[in-house]
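Proteins get letters first, then strands, A, B, ... in listed order; numbering begins at 1 in each.
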There are 2 protein chains.
Amino acid sequence: MKASGSAGNAGRIVTLRDVAKLAGVSVATASKALNGQPQVRAETRTRVLAAAEQLSFFPNALAQGLIGQRTGTVGLLTSDLEGRFSIPILMGAEDAFGSGQTSVFLCDARGDAIRERHHLRALLSRRVDGLIVVGARPDTRPSLGRDLPVPVVYAYAPSDDPADLSLVTDNVGAGRMATGHLLDCGRRRIAHITGDPAYGAAQDRAKGTLDRLAEEGLELAGGQVWFGMWSEAWGRGATRMLLRRSPDVDAIFAGSDEIARGVLDVLHQEGIDVPSQVAVMGFDNWAILAANARPPLTTIDMNLELLGRLAAQRLFAAIDGTLGSGVESIACRLVTRDSTAPVG
Amino acid sequence: MKASGSAGNAGRIVTLRDVAKLAGVSVATASKALNGQPQVRAETRTRVLAAAEQLSFFPNALAQGLIGQRTGTVGLLTSDLEGRFSIPILMGAEDAFGSGQTSVFLCDARGDAIRERHHLRALLSRRVDGLIVVGARPDTRPSLGRDLPVPVVYAYAPSDDPADLSLVTDNVGAGRMATGHLLDCGRRRIAHITGDPAYGAAQDRAKGTLDRLAEEGLELAGGQVWFGMWSEAWGRGATRMLLRRSPDVDAIFAGSDEIARGVLDVLHQEGIDVPSQVAVMGFDNWAILAANARPPLTTIDMNLELLGRLAAQRLFAAIDGTLGSGVESIACRLVTRDSTAPVG
DNA sequence: TACGGTCCTGAAAACGTTTTCGGTCTCGGG
DNA sequence: CCCGAGACCGAAAACGTTTTCAGGACCGTA
């Protein structure tokens with residue numbers, strides 16, 4: 001019964017020797033013919049190609065990788081596969097590498113440092129050409145170290161070593177952008193309800209908001225940034241407090257779409273119309289939440305797929321020679337829906 | 001500037017020869033010492049191990065794979081990375097393989113058949129030990145073929161070739177389970193609003209529902225299965241029609257959590273209390289939708305992570321010899337929250 | 001001292017490619 | 001006829017391991 005059901009294991013695996021023999025040439029010539037080397041007669045080449053076709057030969061990438069210094073593989077080291085942030089990045093990266101020459105090893109460390117070391121060892125032993133490290137949350141994370149034999153690009157969560165190259169969301173710019181949009185809508189009494197203050201992203205978005213307001217000589221409605229949690233419940237609670245303290249607020253910028261849903265909920269309960277009385281903005285552009293809200297939420301999209309694609313491109317460039325360093329910020333994108341509109 | 005920034009490429013890569021030289025033995029002995037072969041003196045072994053440690057040696061997996069018939073890699077061929085269904089499966093599989101011996105190649109074919117062929121070729125040329133094919137939607141998909149040199153397990157979307165092994169959600173059972181739960185709650189006038197009838201999953205869940213009702217001598221409230229689309233809007237529209245036709249309905253089983261949200265919405269608008277007047281069930285256990293609904297949704301979890309883990313285990317078994325065939329159904333799990341409760 | 005045995009070690013082959021280098025063949029020109 | 005130049009091909013080395021097999025050292029026994 002051994003391996004009998006094993007999908008009809010179609011005989012021995014065909015190797016270059018078989019092709020060469022069938023074509024009546026040496027392996028060397030066969031190799032050159034298949035790789036488009038010039039020093040082989042046209043007639044010979046076609047004979048080899050025909051033989052390869054007939055045997056449906058494809059080269060053993062392991063043997064190729066063993067010789068050259070390129071294996072055509074990269075490692076994608078994520079800390080949190082279930083997180084909805086790493087997926088688009090991963091997609092973007094996968095997309096950039098394409099089904100061309102490179103294949104991607106996916107490793108999820110589950111946020112565990114030793115599991116990460118394990119995966120790293122495994123990837124290095126498989127001689128990947130490079131690594132992309134995708135963080136679970138947008139905060140600084142420990143570097144993998146400087147003495148790795150391959151280039152590394154950090155995505156979403158920057159490395160704590162400035163000598164590494166990191167690609168991150170421009171959260172300060174996003175805060176500015178969101179606030180700018182609300183200002184463009186003619187709002188002047190703008191509040192900001194956001195999540196866990198331990199998240200750098202929360203701090204940065206708040207900073208962008210405050211900066212932009214300061215440029216207009218304005219202050220935050222409610223007198224503070226409402227830090228709390230990344231949950232709908234906190235959005236509700238904070239909104240109630242906010243309304244009590246500053247009933248004249250005319251715009252609320254939420255730190256996430258979830259929070260924004262909570263905000264909308266309380267505004268509805270209070271009979272406050274969105275957007276005519278209060279404009280509401282979310283963050284993340286999480287389709288299922290933002291697009292199905294009532295009214296649909298204006299929000300900020302972090303362009304995570306783009307970030308992933310760029311990370312892959314930077315890594316390619318690095319494999320071919322040069323790797324920059326420092327932190328590169330990717331601009332966010334404003335997605336306007338119905339929850340914001342000009343006053344009047 | 002060439003490769004100068006390249007993460008401090010720490011000298012030449014250390015190979016077994018280096019270890020052997022440092023330990024003063026041959027590569028053969030070094031290999032045996034590192035691999036725990038018995039025919040090497042203890043003193044020699046420790047010397048080799050020390051040398052390996054000192055040089056921080058790790059073996060080249062390509063060379064190892066070239067020799068043995070096992071590379072310790074598997075391919076994960078998904079059709080739809082953004083889909084929220086493939087991710088848990090992928091996690092389960094990644095989890096089962098662990099950070100142990102096996103590494104996972106992730107390939108997203110984007111639902112494109114020729115891209116899939118491309119990926120397949122690439123994976124085979126990398127000599128993966130096996131493949132898991134994850135479908136985008138729970139319907140039959142074309143087999144990769146019988147003459148592959150490695151075992152294949154299909155997950156979520158079954159192969160159209162019964163000789164292949166497929167692991168799928170037991171949608172009929174899920175329909176039975178949901179309906180059974182509503183019956184347990186004392187409901188008798190149960191309606192079923194679901195999505196696109198072109199989905200086998202929709203048909204199967206409906207079948208399970210009808211079967212279970214028939215066992216009780218009951219018929220579907222509303223007189224039909226309400227097929228439509230997998231959207232909140234359809235949930236709303238269908239509920240309005242249902243209420244017009246059968247105002248006495250006392251339970252609604254929705255084919256997805258999104259549809260269920262639409263159902264809840266209309267029930268609220270009509271002033272119908274959930275669950276005291278009408279019980280509502282969703283499907284998918286999509287946390288952000290189900291848990292944050294008001295009231296939180298009782299729903300069905302497809303156990304996708306388990307499915308992924310099982311797929312990986314089946315593949316392992318196949319690599320070691322035997323691969324079954326046919327379709328294996330994975331039972332779903334009832335998640336009770338507040339949207340269903342016994343009558344009275 | 002010879003001998004069978006045990007224990008350990010190393011040389012060499014193998015895996016499937018690519019690449020280098022030397023060789024053969026042809027051909028045209030002197 | 002000889003020679004140099006191409007053009008084309010194949011032998012062999014290389015990549016880094018594992019594994020097989022032969023042989024050396026050492027021991028105890030006869």
Side-chain angles (χ1 to χ4, degrees), chain A residues 11-49 51-52 55-73 101 121-122 124-129 149, chain B residues 11-49 51-52 55-73 101 121-122 124-129 149:
Chain A
R12 226 180 79 290
I13 273 190
V14 39
T15 153
L16 189 53
R17 291 184 44 147
D18 304 325
V19 176
K21 195 183 302 178
L22 178 58
V25 297
S26 73
V27 282
T29 309
S31 171
K32 281 179 281 202
L34 290 173
N35 293 335
Q37 300 271 16
Q39 357 111 340
V40 47
R41 202 169 17 149
E43 191 267 337
T44 312
R45 182 188 309 279
T46 58
R47 220 168 58 233
V48 171
L49 287 176
L55 300 177
S56 75
F57 163 82
F58 44 94
N60 185 326
L62 279 73
Q64 291 178 312
L66 189 54
I67 289 188
Q69 59 282 26
R70 210 62 66 78
T71 57
T73 57
Q101 311 306 319
R121 263 187 87 88
L124 291 180
S125 92
R126 296 195 189 284
R127 297 297 187 264
V128 292
D129 295 331
Chain B
R12 223 178 83 287
I13 274 190
V14 37
T15 154
L16 189 55
R17 292 185 43 148
D18 305 325
V19 175
K21 195 183 303 177
L22 178 58
V25 296
S26 71
V27 282
T29 308
S31 171
K32 281 177 282 200
L34 290 174
N35 293 337
Q37 300 272 17
Q39 358 110 337
V40 48
R41 198 165 25 143
E43 191 267 338
T44 312
R45 184 189 308 281
T46 58
R47 222 168 57 232
V48 172
L49 287 176
L55 299 177
S56 76
F57 163 83
F58 45 94
N60 185 327
L62 279 74
Q64 290 177 314
L66 189 53
I67 290 187
Q69 57 283 25
R70 212 57 68 77
T71 58
T73 57
Q101 312 304 322
R121 262 188 88 87
L124 291 180
S125 91
R126 296 195 189 285
R127 298 296 187 263
V128 291
D129 295 331

Chemist: At less than 4.0 Å, is any side-chain N or O atom of A:Ser31 found next to OP1 or OP2 of C:dT17? Yes or no.
Modeler: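 Answer no for this pair, as no side-chain N or O of A:Ser31 is under 4.0 Å from OP1 or OP2.
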Chemist: Just the rounded figure in Å: distance from P of C:dA14 to CG of A:Leu66.
Modeler: 17 Å
Chemist: Measure CD/B:Gln37 against C1'/D:dT20 and give the value in whole Å, please.
Modeler: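 It works out to 11 Å between those atoms.
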Chemist: Taking for each residue the nucleotide of DNA chain D with the nearest heavy atom, is it A:Ala63 or A:Val27 whose nucleotide lies nearer the 5' end?
Modeler: A:Val27
Chemist: B:Ala28 has a side chain; which of D:dT17, C:dA11, C:dT17 sits nearest to it?
Modeler: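 When the side chain of B:Ala28 is considered, C:dA11 is the closest of D:dT17, C:dA11, C:dT17.
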Chemist: Are any of the side-chain heavy atoms of B:Arg127 and A:Asn60 separated by less than 4.5 Å?
Modeler: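 Sidechains of A:Asn60 and B:Arg127: in contact.
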Chemist: Using a 4.0 Å heavy-atom cut-off, does B:Thr15 contact any base of the nucleic acid, only the sugar-phosphate backbone, or nothing at all?
Modeler: sugar-phosphate
Chemist: Would you mind telling me which of D:dT19, C:dT17, D:dG16 lies closest to the side-chain atoms of B:Asn60?
Modeler: D:dG16
Chemist: Take atom CD1 of A:Ile13 and atom P of C:dG16, then tell me their distance rounded to the nearest Å.
Modeler: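 About 8 Å, once rounded to whole Å.
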Chemist: Looking at B:Ser26, I'd like to know whether one of its side-chain N or O atoms comes within less than 4.0 Å of OP1 or OP2 on C:dG10.
Modeler: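 Yes, such a contact exists.
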Chemist: Say you draw a straight line from CZ of A:Phe58 to CG of A:Leu16; how long is it, rounded to the nearest 0.5 Å?
Modeler: 13.5 Å
Chemist: Between B:Ala33 and B:Val40, which heavy-atom pair has the shortest distance, and what is it?
Modeler: CA-CG1, 4.1 Å
Chemist: Say you draw a straight line from CD of B:Gln39 to OG1 of B:Thr29; how long is it, rounded to the nearest 0.5 Å?
Modeler: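 Interatomic distance, B:Gln39 CD to B:Thr29 OG1, rounded to 0.5 Å: 9.0 Å.
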Chemist: Whole angstrom is fine here: how far is it from CG in A:Asp18 over to C1' in C:dG16?
Modeler: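 The answer, rounded to whole Å, is 11 Å.
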Chemist: Provide, to the nearest angstrom, the distance between the CG atom belonging to B:Leu16 and the C1' atom belonging to C:dA12.
Modeler: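 The distance from CG of B:Leu16 to C1' of C:dA12 comes to 15 Å, rounded to the nearest Å.
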Chemist: Which nucleotide in the list D:dC9, C:dT17, D:dG16 gets nearest to the side chain of A:Phe57?
Modeler: C:dT17
Chemist: Could you measure the distance from the CZ atom of B:Arg126 to the CG atom of B:Leu124? Nearest 0.5 Å is fine.
Modeler: 11.5 Å
Chemist: Just to be sure I understand the rule, does B:Gln39 reach a base, reach only the sugar-phosphate, or reach nothing, if contact means heavy atoms closer than 4.0 Å?
Modeler: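 If one applies the 4.0 Å heavy-atom cut-off, B:Gln39 turns out to touch a base.
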Chemist: Between A:Gln64 and C:dG16, is there a contact of a side-chain N or O with OP1 or OP2 at under 4.0 Å?
Modeler: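 Negative; the distance criterion is not met.
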Chemist: Given atom CZ of A:Arg17 and atom C1' of C:dA14, what is their separation to the nearest angstrom?
Modeler: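 Interatomic distance, CZ of A:Arg17 to C1' of C:dA14: 11 Å.
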Chemist: For D:dC9 and A:Arg41 - does any side-chain N or O of the residue sit under 4.0 Å from the phosphate oxygens OP1/OP2?
Modeler: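 Indeed, a polar side-chain atom of A:Arg41 lies that close.
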Chemist: Using a cut-off of less than 4.0 Å, is there contact between a side-chain N or O of B:Thr44 and OP1 or OP2 of C:dT9?
Modeler: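 True: B:Thr44 side-chain N/O within range (under 4.0 Å) of C:dT9 OP1/OP2.
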Chemist: Let me spell it out: for each of A:Thr29 and B:Pro38, pick the nucleotide of DNA chain C with the closest heavy atom. Which residue's pick is nearer the 5' end?
Modeler: B:Pro38
Chemist: Starting at atom CG of A:Leu62, determine the distance to atom P of C:dT17, rounded to an integer number of angstrom.
Modeler: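 From A:Leu62 CG to C:dT17 P: 10 Å.
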Chemist: Could you state the atom-to-atom distance from CD of B:Glu43 to C1' of C:dC8 in whole Å?
Modeler: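 Taking atom C1' of C:dC8 as the reference, CD of B:Glu43 is at 12 Å.
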Chemist: If you only use heavy atoms from C-beta on, which nucleotide in C:dC15, C:dG10, D:dA11 is closest to the side chain of B:Lys32?
Modeler: C:dG10
